[in-house]
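So that the names make sense, note that chain A is the first sequence line, chain B the second, and so on, each numbered from 1.
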There are 2 protein chains.
Amino acid sequence: MNQITQLEQRILETAERLFLEKGFAGTSTTDIARAVGCNQALVHYYYRTKERLFRGIFEQKMNLLLDYLDHAEYDGDLMQTMERVVDFYFSMLSANPRLPFFVMNELVLNAERRAWIREVFIRDERRQRAYYAFSDLVHREITKGALRPVEPLDLLLDVVSLTVMTFVTLPIYQDLLEKSPAEVETYLRGRKAEILIMLRRGFSPA
Amino acid sequence: MNQITQLEQRILETAERLFLEKGFAGTSTTDIARAVGCNQALVHYYYRTKERLFRGIFEQKMNLLLDYLDHAEYDGDLMQTMERVVDFYFSMLSANPRLPFFVMNELVLNAERRAWIREVFIRDERRQRAYYAFSDLVHREITKGALRPVEPLDLLLDVVSLTVMTFVTLPIYQDLLEKSPAEVETYLRGRKAEILIMLRRGFSPA
DNA sequence: ATCTTGTTTAATAGTGTTATTAAATAATGG
DNA sequence: CCATTATTTAATAACACTATTAAACAAGAT
């Protein structure tokens, strides 16, 4: 029960790392086995197919990404809520910077994955409810005069675009502009501040 | 000189389409040949390696993407210039919606490609000059009081984030929310308007 | 008509990929 | 200790991929 789970676990973790780094098409089960240091057949013993292994990871990562939104408390002030959300995702994504690209990448490149995801995620009541709650709140805040008139989906996309792109382009920023880890940290702090300014200005009423 | 160029051309066009759709790792020279309807060796006869074929396309697409910025006239009003830029890219990307993802994808997934790109693109004087001109203008406009204090890079990233993400997530929007082409067109018009509002509010002085 | 040059294909080497199978090894329970 | 079960590996099937080579084919020039 030790080495057993140990290898199975290490395969999962390594697969995770490699898929996140190189994507589904760019990672082979041989790569994974090599990185773990075990026989390639073992990957298939535990997960049967590369697709199954991938899906498990993909689903988990997708949930990790959406969980916070599902449970977000849309209390009184939407502007404050928005700041909390950005704050949370900046922390979370600083620890997992390749997460958003990973999910986006596979959804964009693979139409079958989109179809599959449509069934599993979009038709999930919890998620539907969360979106309607959010949508209602936006409309209420607009009526209240606490928010500029805006489509809920637009608001969502604006926040997501600014936040996600910061992390998606991070490897490019690092490598192309040859930045050190310390510089990257400063840069991320700066980006977060900038995004909050944009959102505050962009959505304040009047 | 007819059938000659014809096949060479069709190989290039097909490669372009497939690379844009599935990425480098997801497209094989066999796929390309199959789609063209020619022998697979012909792809190698004209382009020698998959990597060379890809690089030609990648470089061309990257230039296509950056060309406008290199020649953008930063005249009097920055805000107006910004609107022209967004307007241009929305037209251009509506015709080539997979372009930004294609470039981003390869840069994020492939570190060697980043290194190569760093040499070819970043160390290009025209590009350097264009960026400095832009950076200077931003600082001048801030001093003039025509623009909120902001780092030029932040301004650039905000514009790029909002614009690019609209197109990157387009397949997801289409498929996951099951939208028709007509709905997509309306959606894009809406996004452009929304982005212009965000930018105007986000960067107007005071 | 044949020589030359450029185009296209068939064949294939060489490698890498996913996946399965059977055998070896380790661990566990009776 | 032995039987059973779970883990791990070696071997390999079956196929896909990149790239090369030599030969077939077509055109135009001489």
Side-chain angles (χ1 to χ4, degrees), chain A residues 1-60 102 105-106 109-113 115-116, chain B residues 1-60 102 105-106 109-113 115-116:
Chain A
M1 180 191 153
N2 303 337
Q3 258 194 342
I4 302 166
T5 309
Q6 249 180 53
L7 263 186
E8 184 176 356
Q9 190 60 23
R10 277 179 57 206
I11 288 171
L12 191 68
E13 283 162 8
T14 307
E16 208 171 291
R17 184 169 57 78
L18 292 182
F19 281 143
L20 269 277
E21 240 168 63
K22 307 268 195 182
F24 179 81
T27 308
S28 69
T29 54
T30 316
D31 288 339
I32 296 166
R34 236 198 312 271
V36 170
C38 72
N39 191 290
Q40 177 261 343
L42 199 62
V43 178
H44 292 273
Y45 171 72
Y46 280 119
Y47 300 97
R48 216 158 58 74
T49 69
K50 182 184 166 185
E51 179 68 25
R52 278 170 58 89
L53 172 57
F54 181 85
R55 284 202 182 178
I57 292 166
F58 185 74
E59 190 160 355
Q60 192 242 315
F102 170 70
N105 188 33
E106 298 300 335
L109 285 183
N110 194 321
E112 286 146 48
R113 199 99 62 208
W116 173 71
Chain B
M1 182 190 151
N2 302 339
Q3 261 197 341
I4 301 166
T5 308
Q6 250 181 52
L7 263 186
E8 184 176 355
Q9 191 59 24
R10 277 179 56 206
I11 288 171
L12 190 66
E13 283 163 8
T14 306
E16 209 171 290
R17 182 169 58 78
L18 293 181
F19 281 144
L20 268 278
E21 238 167 64
K22 308 266 194 183
F24 179 81
T27 308
S28 69
T29 55
T30 316
D31 288 338
I32 297 166
R34 235 197 313 269
V36 170
C38 72
N39 191 289
Q40 176 262 344
L42 200 61
V43 178
H44 291 274
Y45 171 72
Y46 281 119
Y47 300 98
R48 216 159 59 71
T49 69
K50 181 183 167 186
E51 178 69 25
R52 278 169 57 91
L53 172 57
F54 181 84
R55 283 202 182 180
I57 293 167
F58 185 75
E59 190 160 354
Q60 193 243 314
F102 170 69
N105 188 33
E106 297 300 335
L109 285 183
N110 194 320
E112 284 146 48
R113 200 99 61 207
W116 174 70

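Scanning for salt bridge (charged side-chain N to carboxylate O under 4.0 Å, His left out) contacts around Glu51(B) gives Arg55(B), Arg113(B), with sequence neighbours left out. With sequence neighbours excluded, the residues that form a side-chain contact (heavy atoms from CB on, under 4.5 Å) with Ala41(A) are Asn39(A). Not counting sequence neighbours, Tyr47(A) has no partner by the ring-ring contact (aromatic ring centres under 6.0 Å, His included) test. Legend: residues meeting side-chain contact (heavy atoms from CB on, under 4.5 Å) with Arg48(B), ordered by chain and number and at least two apart, are Arg52(B). Applying the side-chain contact (heavy atoms from CB on, under 4.5 Å) test to Ala25(B) and every residue at least two apart in sequence or in another chain returns Ala25(A).
With a 4.5 Å cut-off on side-chain heavy atoms, Tyr45(B) and Glu8(B) do not count as touching.
Checking the phosphate oxygens (OP1, OP2) of dA6(D), no side-chain nitrogen or oxygen of Tyr46(A) falls inside 4.0 Å. Distances shorter than 4.0 Å separate none of the side-chain N or O atoms of His44(A) from OP1 or OP2 on dT18(C). Tyr45(A) has no side-chain polar atom (N or O) that falls below the 4.0 Å cut-off from OP1 or OP2 of dT8(D).
Using cut-offs of 30° and 60° for the angle between ring planes, the Trp116(B) and Phe58(B) rings count as tilted.
Here dA19(C) presents its P atom at 15 Å from CG of Asn39(A), a figure rounded to the nearest Å. Between the OH atom of Tyr47(B) and the C1' atom of dT20(D) there is a distance of 19 Å, rounded to whole Å. Distance Leu7(A) CG to dT25(C) C1': 14 Å, rounded to the nearest Å. As rounded to whole Å, 14 Å separates atom C1' of dA24(D) from atom CG of Leu42(B). In this structure, the CZ atom of Arg52(A) is 16 Å from the P atom of dT18(C), given to the nearest Å.
Within residues 19-26 of chain B, no residue has a heavy atom under 4.0 Å from DNA chain D.
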**Report entry** Candidate pair Leu109(A) and Asn105(B), rule side chain to side chain contact (heavy atoms under 4.5 Å, CB included), full reasoning
**Finding:** CA-CA 10 Å; Leu109(A) 285 183; Asn105(B) 188 33; 4.0 Å; yes
Requested in this report: Sugar-phosphate means primed atoms, P, OP1 and OP2; the rest is base. With that split, encode nucleotides 12-17 of chain D 5' to 3' as B, S or - using protein heavy atoms under 4.0 Å.
Outcome: -----S
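Residue pairs meeting the salt bridge (Lys or Arg N to Asp or Glu O under 4.0 Å) criterion with at least one member in residues 14-28 of chain B, sequence neighbours excluded, are Glu16(B)-Lys61(B). Listed by first then second residue, pairs satisfying salt bridge (Lys or Arg N to Asp or Glu O under 4.0 Å) with a partner in residues 26-39 of chain B read Asp31(B)-Arg34(B), not counting sequence neighbours.
Picking from dA11(D), dT9(C), dT8(C) the nucleotide with the shortest atom distance to the side chain of Ala41(A) gives dA11(D).
Of all non-hydrogen atoms in Leu53(A) and Leu12(A), the two that sit nearest each other are CD1-CD1, 3.9 Å.
Rotation axes derived from the C1' atoms of the five outermost pairs at either end of the helix from dA1(C)-dT30(D) to dG30(C)-dC1(D) lie 10° apart, to the nearest 10°.
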